[in-house]
Each structure stands twice: as C-alpha cells, then as structure tokens.
Amino acid sequence: SDGKLRYDGRVAVVTGAGAGLGREYALLLAERGAKVVVNDLGGTHSGEGASQRAADIVVEEIRRAGGEAVADYNSVIDGAKVIETAVKAFGRVDILVNNAGILRDKSLAKTSEQDWNLVHDVHLKGSFKCTQAAFPHMKSQNYGRIIMTSSNSGIYGNFGQANYSAAKMGLVGLANTVAIEGARNNVLCNVIIPTAASRMTEGILPDILFNELKPKLIAPVVAYLCHESCEDNGSYIESAAGWATKVHTVRGKGAVLRPSIDDAVTPEYVKNVWSQVTDMSKAKHLDAIANASGSLLEVLEKLKAGGGEAVEDTFEFDSK
Ligand code: NAI
C-alpha cells in the first residue's frame, strides 16, 4: 500500500452527518473505503422539525465520488434504529462517531426544563443510546472505535450554555466508562473537542476565526482516532484550525486536613491549609480511579503512622 490509512471493510455510523463536522467525517471515511451510514434528523439547529434532505445530499455526494453510503433519518435518541440501519445495509458496525447536536442557548435563569431536556436528550442520551446499541456488535467482533463529541463550553463553561455545557461534560464521563468497559474487546472510545465554523457557531465565533475554522481540518483527526492503528483509549483530543492536542484532567498534591488520625477536621484547619489544597504546582494526571482511591489509602496509612507531616511523599505513582 502507499501508506494511506484505509477503512475498507469497515462500517461507520456518523450521527448528525448531514452538515458541518459530521458531513466532513462521513466524506473522509467514505473516501478512504468505509461504508458509511449518514445519520441526520434534518431539523433546525435548536432541534425543531425534521427533513430527509440533509442526509440525502451527503449520501449523494459520497456516491458521486464512488463511495458507499446509506441515509438514516432517525433521531439519535432512537439509537437502536440508527445502528439497525447499519446492520441491515452493511451487516456490521465498526465505527460510531457520536456527533449529532443542537443548541438552545439561554442564561441559566431563562433555561426552561424543555431547553434542558432536549439538549440533554440529543447530546447525552442520544450518544448513550447509539453507543449502547453498537456495543454488543463491536464487542462480539472484537473491534470497535467510538467517538464522543464534547466541547470547550463543557470543559471551561460558557455564558448562556448551562444546558449544553452540562451535556457536553456528561459525554466526557460517558466516554471514560465506555473506554473501560470496551477495552478488553478492542472497543476503544475517545473524545473529540472541536472548534469549527458551522451553523452552530455562526454568529458566536468572531468572523476572523470563523473563516479559518473549517470543519474539514478536524476530520483527519477523528478519522485517525477511528482507525485500527490508533490505540488511544479514553483520550480527550481538542482540535481546530489544523491543530490538535490531548487534554487531561489533573489532580493536585493536596493537603492533609488534620494533625493526626485522632483529630477532627475543622473548618479553621481547612482554611489554614487552603493554599495547599488549591496548589496545582505539583498536579498530576491520574490514569485510573484505582490511583485516586489508592492515594487515599496512603494518606490514611501515613496519618496513622505519625501525622500530617509524613504525607509529603504521597502521589509517587507513575503518571503519563
Ligand atoms: P451542525 O449543526 O452543523 O451539525 C449537527 C447536525 O446534527 C445537523 O446536521 C443536525 O441536523 C444533526 N442533528 C441534530 N439533532 C439530531 C438528532 N436528534 N438526531 C440526528 N441528527 C441530529 O453542528 P456542528 O458544528 O457540525 O456540530 C457537530 C458536533 O460538534 C455537535 O455535537 C456539537 O455540539 C459539537 N461541537 C461543535 C463545535 C463547533 O465549534 N462547531 C464546538 C464544540 C462542539
């Protein structure tokens, strides 16, 4: 081969593939040999209405370029139906890119329960439903690549996006556990954090950024994450403008909140050591929940052995 990453024999489901980022993912995967399910409900950016047009146009584009694709018009909330389209048309599912999304931006005070629910249903529940439906197929064939789509709005917060931020951070949590549950069967799950010009960000991103933030620049990153040669699992990858980076959570060294195991923790003591509690100069990334609980056991043992001073050497496990 000429070293090109290929997806021949693979079946990819891309949700919300009728426009924006999803369209670029679908076009690239199809160009590289994948059979693609172009899922799109075809409603407005705030989640109203439905239309077959969005998905049909992308399927047409793929076929004209010599690729293989079928349209799926279900809402991702009906994840089982979306995956069924893949299995009926192509007999399997190897790749799932959870990408479909809507916005209902309001300040917290003005966010209605409906705004909250619909945003959560499409982003979080939709990704859950599609992933849950694809999971048994992927596990039984010992191969699967799953992408969750988060957002800097979730990671950092963004005025007027309480519902969206919460759902997008929820997807990080979902990915964390899917990555663990699939690992044994080579079903890997990673998170993309994109910034791109689309109908979703029109009028939100400054013009000078908008014109340079082409969705096409992010598609190769997602395609690589979906390739069999990519062994990342549980990574959060931010990408935009022809650039990408891994993003990590980190945990500080912390502080012991009492002189010895026999002492109570008091608000005054907490206040006194607060600068140590919030000091991130020795922060590290933890690879697994076991490391988090493991370090708690160390804290306890050292407290028992002779008090707060002795815990200096906690957090000596490896970090990557
Ligand atoms: P977009 O609005 O261009 O595309 C989203 C697509 O999802 C639309 O074609 C829409 O019809 C479809 N969709 C909406 N609800 C659906 C449902 N229930 N079932 C199936 N399809 C549905 O938006 P864009 O920008 O391409 O966004 C793609 C993903 O990337 C979204 O999850 C978004 O939250 C996320 N994202 C985008 C950023 C950006 O800068 N564009 C930033 C961070 C995250």
Side-chain angles (χ1 to χ4, degrees), residues 13-22 25 39-50 54 74-83 96-135 146-181 189-196 198-205 215 218 222 225 234-240 247-249:
V13 175
V14 182
T15 71
L21 288 158
Y25 304 158
N39 160 269
D40 207 292
L41 180 63
T44 67
H45 81 290
S46 58
E48 271 138 14
N74 291 293
S75 169
V76 284
I77 299 163
D78 296 318
K81 290 187 188 165
V82 177
I83 300 305
L96 169 62
V97 183
N98 291 297
N99 165 82
I102 58 165
L103 283 182
R104 296 196 146 211
D105 289 3
K106 302 267 170 60
S107 67
L108 178 69
K110 289 182 181 153
T111 300
S112 68
E113 200 167 330
Q114 203 200 355
D115 294 332
W116 177 271
N117 286 345
L118 199 56
V119 164
H120 273 74
D121 278 353
V122 174
H123 290 275
L124 192 49
K125 190 174 179 182
S127 299
F128 157 67
K129 295 287 275 186
C130 290
T131 302
Q132 191 183 49
F135 216 51
I146 298 167
I147 303 291
M148 303 293 177
T149 305
S150 187
S151 166
N152 278 336
S153 294
I155 313 266
Y156 305 107
N158 201 18
F159 195 97
Q161 294 198 311
N163 53 2
Y164 181 75
S165 301
K168 285 313 208 186
M169 211 51 192
L171 284 159
V172 172
L174 177 60
N176 288 340
T177 291
V178 171
I180 289 169
E181 292 191 6
C189 179
N190 295 288
V191 176
I192 185 77
I193 305 167
T195 305
S198 73
R199 70 173 187 180
M200 201 176 265
T201 45
E202 214 171 343
I204 297 177
L205 288 170
I218 295 169
V222 168
L225 284 170
S235 292
Y236 321 150
I237 304 295
E238 178 183 356
S239 183
V247 176
H248 257 166
T249 54

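Please read these numbers as outputs of a predicted model, since none were measured by experiment.
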Test side-chain contact (heavy atoms from CB on, under 4.5 Å) on V178 and F135; report intermediate values, then the result.
CA-CA 9 Å; V178 171; F135 216 51; 3.9 Å; yes
Side-chain donor or acceptor of N39 paired with backbone N/O of N74 under 3.5 Å
yes
Output yes when a side-chain donor or acceptor of N98 lies under 3.5 Å from a complementary backbone atom of I147, and no otherwise.
yes
Least distance between heavy atoms, [X] atom then [Y] atom:
X    : Y    : result
I218 : S239 : CD1-O, 3.5 Å
H123 : G101 : CE1-CA, 3.3 Å
A133 : A80  : CB-CA, 3.7 Å
A167 : L124 : O-CD1, 4.1 Å
T15  : C130 : CG2-SG, 4.1 Å
D40  : A17  : OD2-N, 3.5 Å

We want to know whether K125 and H120 form a side-chain donor-acceptor pair, criterion being a heavy-atom distance below 3.5 angstrom.
no
Quick one about D78 and S75 (side-chain donor to acceptor, distance below 3.5 Å, no hydrogens or angles considered), yes or no?
no
For residues [X] and [Y], determine if any side-chain heavy atom of one lies less than 4.5 Å from a side-chain heavy atom of the other.
X    : Y    : value
S153 : Q161 : yes
L21  : S198 : no
I155 : M169 : yes
T131 : M148 : yes
V122 : V76  : yes
S151 : Y164 : yes

CA sep, side-chain torsions, deciding dist, call: L171, V191, side-chain contact (heavy atoms from CB on, under 4.5 Å):
CA-CA 8 Å; L171 284 159; V191 176; over 6 Å; no
Once rounded to the nearest 0.5 Å, what's the spacing between atom [atom1] of [X] and atom [atom2] of [Y]?
X    : Y    : atom1 : atom2 : value
K106 : N163 : NZ    : CG    : 8.5 Å
K129 : I83  : NZ    : CD1   : 12.0 Å
R104 : N117 : CZ    : CG    : 10.0 Å
F159 : L108 : CZ    : CG    : 9.5 Å

Is it the case that more than 12 heavy atoms not belonging to E113 sit under 6.0 Å from its CD atom?
no
Please check if atom NZ in K81 has more than 12 non-hydrogen atoms from other residues, nucleotides or ligands closer than 6.0 Å.
no
Which is it for H45 and I102 under the side-chain contact (heavy atoms from CB on, under 4.5 Å) test, yes or no, and what are the steps along the way?
CA-CA 5 Å; H45 81 290; I102 58 165; over 6 Å; no
Under the side-chain contact (heavy atoms from CB on, under 4.5 Å) criterion, do I193 and N152 qualify, and how do the steps go?
CA-CA 7 Å; I193 305 167; N152 278 336; 3.4 Å; yes
